[in-house]
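All values below were derived from every heavy atom in this structure, side-chain atoms included, with hydrogens, water molecules and symmetry-related copies excluded. First the proteins, then the strands, lettered A, B, ... as listed; each starts at 1.
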Amino acid sequence: MTVIPEATLSVLPRADGSARYAHAGYTVTASVNGPIEAQRRDEHAFEAHVDVVVRPAAGTGGTRERHLESIIESSLTQLILVKNFPRQLIQIVLQIETTPDNDYVNTKLVQASLNFPIVPSLLQAAVLALISAAVPMRATATASVVAVVSQEGTKRLVVDPSPRDLEQAQSVHVLAFTSHDELLLAESEGDFTVKEWDGVYEAALKICCRPTSTKAGIDVMLDDSEDAAGSDMRQFLRSTVEAKVAADLYWK
Amino acid sequence: MPREAEPSLNEKQFIVQALGEKLRLDGREFDQYRPLELTFGDQYGVANVTLGKTRVLAKVSAEVTVPYVDRPLDGVFTIATELGPMASPAFEVGRPTETEVLLARLLEKTVRRSGALDTESLCLVAGQKCWSVRVDVHVLAHDGNLIDASCFAVVAALRHFRKPDTSIASGQLTVYTPAEREPVPLSWLHSPFCVTWSFFGDDGETALLDATWAEEQVRVSSCTVSLNRHGEICQIAKLGGVPVEAVALLQCTAVALTKAKEFSTFLDGKLAEDAKRRNKGGFMAELSSENDR
Amino acid sequence: MAAPSLSFSRPVFAKLSPHPYLLRTLAPQPPSDAAASRTNGRAPQEARPVHIHTSSLSHAHGSALVRTGDTTVICGVRGEVLPVANIPQYRPQATQQQQDDGDERADERGGLGRGELKDYDLLVPNIELATGCAPQFLPGVPPTTLAQTLSTRVYSLLHSCRVVDPKSLRIWYTPPTEVGNNMDTEEQQRQQEEADDGDDGPQLVAYWVLYIDLLFVSLDGNPFDAAWAAVMAALRDTKLPAVRWDPDRQAAVLQNNSQPTTTTATAAAAVPGQGKNSIKTTPLPVAGLPVACTAAVFPEKKHGGESMAASAAATVGNRHWILLDPDRSEETLCGETITMVVDCSSGGGGGETRIKSIEKQGGVVLGRELIRGFAGVAEKRWKEVRDAMQ
Amino acid sequence: MATETERLYVLPGDAIDEPLVPRHKKQPLRLGPGLRHIPPSAIVPTVAGQLVVEPRKNSMWMEYNGGRYVPAQNDLVIGQVQRSAAELYLVNLAAHTASATLPQLAFEGATKKTRPQLAQGALVYARVVLANRHMDAELECVSAATGKAEGLGPLTGGMAFDVSLGLARRLLMARSRDEGGVEVLELLGAEGLAFETAVGRNGRVWVGSDSPKTIVLVGRALRETDEGRLDVEQQRKLVKRLVREMR
Amino acid sequence: MSDRRRINGPVGATIPPVSEDGASREVAGSRGGRSRPPNAIRKMYLKTGVTPSASGSAYLEIETSGRSGVSGLKLSCTVHGPRSLPRSSPFSPHIILSTHVKYAPFATRQRRGYLRDPSERDLGTHLEAALRGAIIADRWPKSGVDIIVSIIEGDQDRETSKTQGDESWDLMNALSGCITVASAALADAGIDCVDTVAGGVAALVSDKGDASPSIVIDPIPSEHDRILAACCIAYLPTRDEVTNLWFKGDLPASDTELYTKLVEKGIQASAKANRVLVECLGETVG
């Protein structure tokens with residue numbers, strides 16, 4: 001189970017872009033193809049149609065995969081410069097490879113209930129794959145999941161909660177931010193107050209939008225200390241991508 | 001409907017012409033496989049297989065269910081193949097192409113019908129409760145020879161898999177969680193592998209192993225032999241295409257056996273490696289006993 | 001974008017170019033002193049009134065019809081019995097624990113924990129849109145993505161809010177003390193076995209499964225709020241018949257008032273007007289009253305604004321309006337939406353508003369402050385719906 | 001060649017500070033691929049890559065690899081004929097994309113009678129004359145200025161290999177060795193191999209030769225250079241090795 | 001294989017609670033006879049325009065007979081079109097009706113599945129036949145119209161145990177309701193018809209007490225001991241035409257007139273329903 005996120009770009013030789021992202025027990029492989037010719041039925045006159053497919057590791061998905069797809073799609077459409085490719089299709093496939101297993105229960109194959117905690121992994125994998133496919137984007141995005149767990153009366157925040165934590169959790173929150181610090185996605189369930197949500201927001205903001213250098217390129221490497229606040233997603237994204245770019249431009 | 005892109009005339013002609021001069025584009029021998037890689041995940045029953053640029057992920061899962069009325073003493077064992085847009089934009093979700101149907105059928109014949117997995121061992125309470133073991137085959141990248149790669153992934157995943165332990169007390173079934181009891185391996189009978197030949201030339205005189213996607217697009221016929229390391233053949237499929245000399249086919253099966261043996265040893269090695277990594281006691285024993293069969 | 005020309009009648013213009021039209025009504029030009037309002041005449045933060053009628057269906061154990069504006073949905077709740085013998089992965093120990101430590105754990109345990117409800121699929125909500133409730137929803141096709149998404153959201157919310165307590169769905173059986181008069185020996189044994197570890201107290205023999213079916217008669221935007229309200233109203237209206245477990249028939253038998261009850265049915269009451277030999281029924285306990293409140297963000301610029309500029313000071317061309325309870329035409333003009341589910345019923349603890357769910361997606365306008373503020377809007381909506389439920 | 005220190009890696013949406021943007025008196029600022037201008041004065045990258053600034057030409061662009069080919073004006077491309085319609089051929093530049101149009105008279109000295117007949121699946125070496133997001137790209141196999149083919153036209157025989165867009169671009173550079181760091185083709189030629197090539201910006205390289213052996217060898221050299229990310233020195237070694245194998 | 005586009009219940013079968021062995025007898029005993037005169041139909045409530053986004057729509061509710069536990073029909077119908085047919089379909093000189101009838105899962109004693117079952121298809125075809133005769137079809141060449149009826153509540157007695165309340169008789173009432181409500185919706189959609197068509201049911205019933213079987217209209221199965229035969233009729237009053245006739249059951253050979261009588265009664269029932277229909281349309285439409 002990886003505490004620090006790991007990612008590899010362009011893992012699929014035959015797709016326009018792809019990425020494999022592993023974090024907190026979730027592993028997702030994403031592929032991007034596009035811009036390609038859209039089929040008549042989902043052709044859009046003014047912008048590209050962003051099609052997201054989520055495939056579960058086991059079983060033939062169901063209603064909840066459709067819901068996950070609509071969440072991811074609505075977020076990516078905000079990032080991709082869809083107007084650059086009218087009548088085109090940008091197809092994103094998210095293949096879930098592993099999900100953290102809970103040793104205390106025997107998981108069922110088909111489940112209708114949403115599983116929030118996987119959303120950040122799906123979104124992150126998709127963003128990385130889009131970058132690897134060099135699809136023009138307005139901004140990048142980072143996401144994280146935070147749970148509010150109460151133990152003997154005292155509430156505490158748990159970043160990247162384990163399935164065990166989730167069982168005890170009073171509420172689970174997924175937040176995603178664009179690289180311009182805008183709140184892109186906010187999904188919460190459970191039982192909480194505005195104040196608690198505020199606290200969660202703070203925590204998520206710390207993880208997703210830790211200020212790195214605004215100067216392009218010359219980045220001030222912040223200390224990568226793995227404190228309770230969780231990993232620095234923005235820094236992670238940047239270093240991962242830069243490593244890939246540097247490798248691609250080895251000849252320059 | 002999106003269609004798979006046809007190769008250009010120049011490519012079609014050249015590939016055949018080059019083969020005529022014993023040349024493959026990637027410089028391989030005719031009976032040479034691309035580098036085969038197998039990695040297991042942290043979880044049981046997840047196999048990641050790459051064969052050149054072809055990439056397949058197989059995942060095994062099991063849950064307790066109700067047996068089919070006509071087979072009260074058997075468990076349920078299904079292999080689900082999926083060739084989605086990730087492999088190529090030509091593949092649509094929920095619209096199986098011929099390639100996919102073919103793949104599914106061959107895996108079915110090779111692994112399921114050949115009784116590689118003892119389905120009776122999956123029965124828990126006759127006619128009431130049994131295990132349903134399911135293998136999901138996800139094709140992540142398609143650069144030819146899906147069949148051999150997928151079959152290898154399926155067998156690897158199944159042999160790596162562990163299902164929850166169970167007990168029955170006074171007619172009451174208990175399925176233990178991994179925390180309560182260490183999961184147990186499936187009762188595995190033999191490991192079949194697919195070896196696919198592609199034929200080229202006007203009367204299929206040239207035979208290649210492990211054809212790439214480009215090669216597959218111009219081949220005139222193909223034949224898949226499924227067999228285990230003991231040379232027991234589960235099925236042979238030559239579905240149409242130009243007729244091929246019977247003698248040639250015999251040679252193909254002979255070579256196939258050596259390949260199957262290579263696969264088998266390779267897999268055993270990988271499983272042993274993984275076992276060491278986990279250093280679970282008693283697992284080695286099981287493994288070797290499996291190999292003895 | 002065509003400038004609004006007066007040669008068009010308002011409705012025609014609204015149809016031809018809805019975006020500029022709505023923009024015009026929301027942001028009246030200086031000369032006109034009309035207050036900002038929506039094409040449908042509502043104020044931006046004004047929701048459509050809710051009308052709720054319950055127990056209008058006689059074949060369902062609970063039912064409700066909810067109408068907000070031109071969105072009308074019917075919900076029927078029906079209970080069927082699931083013998084534990086029919087649950088492949090059933091585990092008595094697990095449920096016993098549930099029962100024992102479940103009670104004190106229940107309170108501090110979040111709604112997201114696993115349990116019988118999820119593991120045994122005791123709640124089965126489904127939403128049917130293919131009734132021609134709107135031109136794009138015709139029958140003969142598989143459920144649309146919208147229908148599937150709605151079903152999933154209802155399902156998740158039902159569990160995360162812990163509206164239904166699994167305890168109230170358990171069906172118990174107490175074996176007669178004088179052992180087996182008409183029991184086959186195998187049956188006897190089983191009970192003996194369980195008697196050993198369960199001091200022959202009541203045994204859990206079956207569960208109620210609640211089928212919660214929603215059918216949209218008419219859809220004019222904001223399906224989720226209506227659907228959820230219907231679910232809550234129907235559940236609160238649900239009365240499960242008191243049943244007695246018959247080990248011979250391996251079935252739950254309806255009880256008339258005449259027979260004594262052996263179920264855990266508390267406060268069983270004969271409900272008048274339900275069947276001649278009035279079947280005894282128990283109202284289903286429903287925890288709290290979560291209410292969903294949805295709004296959509298209408299951007300001044302068509303097809304989504306420019307995020308760079310948006311992060312800068314809100315200039316003209318980047319204004320936006322938060323439209324509460326959007327109708328169909330508004331939904332098509334808005335990308336970003338937020339749904340907040342709140343429960344202000346005292347059950348929520350200390351009168352403080354409990355938020356049960358937030359779903360915000362499809363844009364970057366709704367930030368921290370706006371969402372904080374939206375909680376207030378949701379509370380207001382909660383009262384409206386609460387009143388409609390009474 | 002740029003040195004480590006002055007490398008500017010940027011991600012989509014990153015802010016590029018003012019001083020980096022060249023401010024030239026006369027020439028207008030020219031933005032290359034991967035950048036967009038947001039009024040009033042912001043220049044923002046839309047892809048991840050290295051920001052390259054050319055103060056003399058008062059231009060800046062993004063250097064990156066990968067992705068799917070999107071037609072741009074004046075690109076040299078290798079297209080594959082899908083079918084011929086009245087007066088024009090429909091030509092595919094990348095799989096699953098809308099096909100570009102190639103007028104049947106846009107060949108050297110083509111007339112109603114002498115226009116070339118291209119079968120489905122035939123390859124053409126062409127230039128993009130019109131590319132715009134709202135229309136399908138338009139190609140030509142003859143220079144409108146000179147009326148000469150200038151190397152454009154049908155590609156017969158030989159073999160077409162797929163390479164990354166990055167390598168294709170480098171191969172097309174005027175001084176591909178110094179600027180693009182790729183010399184493999186020259187090296188192969190120097191080894192006395194007789195072959196001709198046509199490089200398409202859309203990631204295809206056509207290789208023609210009488211000896212299939214040579215074609216295969218060139219193809220492998222290109223592929224290994226591309227996938228192995230070989231620098232000039234490694235390319236030299238590679239060529240030596242391959243040639244040795246062949247002989 | 002479970003439907004992966006819906007939320008499926010438990011794998012194991014769920015059973016509705018069974019009633020006491022004695023229950024059905026009790027019911028039989030307590031069953032009061034018919035509460036209306038033999039040639040009176042139940043009160044109907046009809047309303048158009050319940051689904052504004054549809055071209056036309058209507059809601060029909062038939063009052064439950066005085067006794068509790070007996071539910072009346074509740075139908076809602078939406079009409080979409082006329083709309084041009086998809087390119088793929090062949091040329092058609094007249095409008096093409098596609099009718100769908102679907103029971104809501106909670107409409108009947110047994111929970112209904114989401115997939116259409118044969119009885120629903122039957123209703124669909126009968127409805128189509130009934131309406132085709134009424135619509136002036138050649139006014140819209142190359143176009144089609146969808147008529148969707150959702151049966152929110154079937155005409156069924158809740159307490160009667162499966163043994164006796166035979167569903168097939170309920171279908172009759174359901175169909176006649178479908179015809180009436182669809183006719184209203186069509187009018188609401190402004191699709192020209194030669195006349196408003198309404199449905200009516202007549203049945204040959206034998207109750208203990210009276211010697212010979214008698215004919216009643218708009219029967220409630222649970223109000224009678226046995227229903228020997230029934231017919232559902234779609235009738236155009238002004239033209240005096242029957243567009244659809246559905247007959248079920250067997251008639252004693254003794255009385256050859258019986259069949260004609262039954263049909264006439266059915267027409268009566270239809271005519272009565274028609275009055276309500278016209279009244280309603282008079283208020284809302286026109």
From [X] atom [atom1] to [Y] atom [atom2], the distance as rounded to the nearest 0.5 Å:
{"X": "E/Thr108", "Y": "C/His59", "atom1": "OG1", "atom2": "NE2", "result": "6.5 Å"}
{"X": "C/Ile74", "Y": "E/Ser76", "atom1": "CD1", "atom2": "OG", "result": "7.0 Å"}
{"X": "E/Ser53", "Y": "C/Phe137", "atom1": "OG", "atom2": "CZ", "result": "9.5 Å"}
{"X": "C/Thr152", "Y": "E/Ile7", "atom1": "OG1", "atom2": "CD1", "result": "5.0 Å"}
{"X": "E/Phe106", "Y": "C/Leu214", "atom1": "CZ", "atom2": "CG", "result": "7.5 Å"}

Return a table of donor-acceptor pairs under 3.5 angstrom between the side chains of residues 82-90 of chain E and protein atoms on other chains or two or more places apart.
from, atom 1, to, atom 2, distance (Å)
E/Ser89, OG, E/Pro86, O, 2.7

Within the side chain of [X], is there an N or O that forms a donor-acceptor pair under 3.5 Å with the backbone of [Y]?
{"X": "C/Asp70", "Y": "E/Pro52", "answer": "no"}
{"X": "E/Thr78", "Y": "C/Thr131", "answer": "yes"}
{"X": "E/Arg6", "Y": "C/Pro125", "answer": "no"}
{"X": "E/His80", "Y": "C/Gly132", "answer": "yes"}
{"X": "E/Lys102", "Y": "C/Pro139", "answer": "no"}
{"X": "C/Arg78", "Y": "E/Arg109", "answer": "yes"}

Given a strict heavy-atom distance threshold of 4.5 Å, which part of [X] is in contact with chain E: side chain, backbone, both, or neither?
{"X": "C/Arg328", "answer": "side chain"}
{"X": "C/Val209", "answer": "side chain"}
{"X": "C/Leu219", "answer": "backbone"}
{"X": "C/Pro135", "answer": "both"}

Heavy-atom pairs under 4.5 Å with chain E - which of [options] has more of them than the others?
{"options": "C/Asn126, C/Leu82, C/Asn86, C/Ile127", "value": "C/Asn126"}
{"options": "C/Ala251, C/Ala134, C/Ser56, C/Pro88", "value": "C/Ala134"}
{"options": "C/Thr72, C/Ile87, C/Leu138", "value": "C/Leu138"}
{"options": "C/Gly76, C/Ala85, C/Gly140", "value": "C/Gly76"}

Shortest non-hydrogen contact between E/Pro17 and C/Pro241, atoms and distance =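 The answer is CG-CG, 4.3 Å.
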Salt-bridge criterion met for E/Arg112 and C/Asp213 (N-O under 4.0 Å) |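 Salt bridge: no.
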Qualifying residues under side chain to side chain donor-acceptor pair (under 3.5 Å), relative to E/Arg132, sequence neighbours excluded =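 With neighbours one apart ignored, the set is E/Glu128.
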Who are the side chain to side chain donor-acceptor pair (under 3.5 Å) partners of E/Ser98, not counting sequence neighbours?
->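 In terms of side chain to side chain donor-acceptor pair (under 3.5 Å), with neighbours along the sequence ignored, E/Ser98 is linked to E/Asp146.
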Between E/Asn8 and C/Val124, does a side-chain contact (heavy atoms from CB on, under 4.5 Å) hold up when you go through it step by step?
-> CA-CA 7 Å; E/Asn8 300 287; C/Val124 191; over 6 Å; no
Identify the residues of residues 143-151 of chain C whose heavy atoms come closer than 4.5 Å to a heavy atom of chain E, ordered by number, or report 'none'.
->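 C/Pro143, C/Gln148, C/Ser151 fall under the 4.5 Å cut-off.
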Between E/Thr14 and C/Tyr207: side-chain donor-acceptor atoms closer than 3.5 Å |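 Short answer, no.
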Any idea which of E/Val149, E/Leu115, E/Ile152 has the most non-hydrogen atom pairs under 4.5 angstrom with chain C?
->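 Winner by heavy-atom pair count: E/Ile152.
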Would you say the side chain of E/Val18 lies within less than 4.5 Å of the side chain of C/Leu254, judging by non-hydrogen atoms?
->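 No - every pair of side-chain heavy atoms lies 4.5 Å or more apart.
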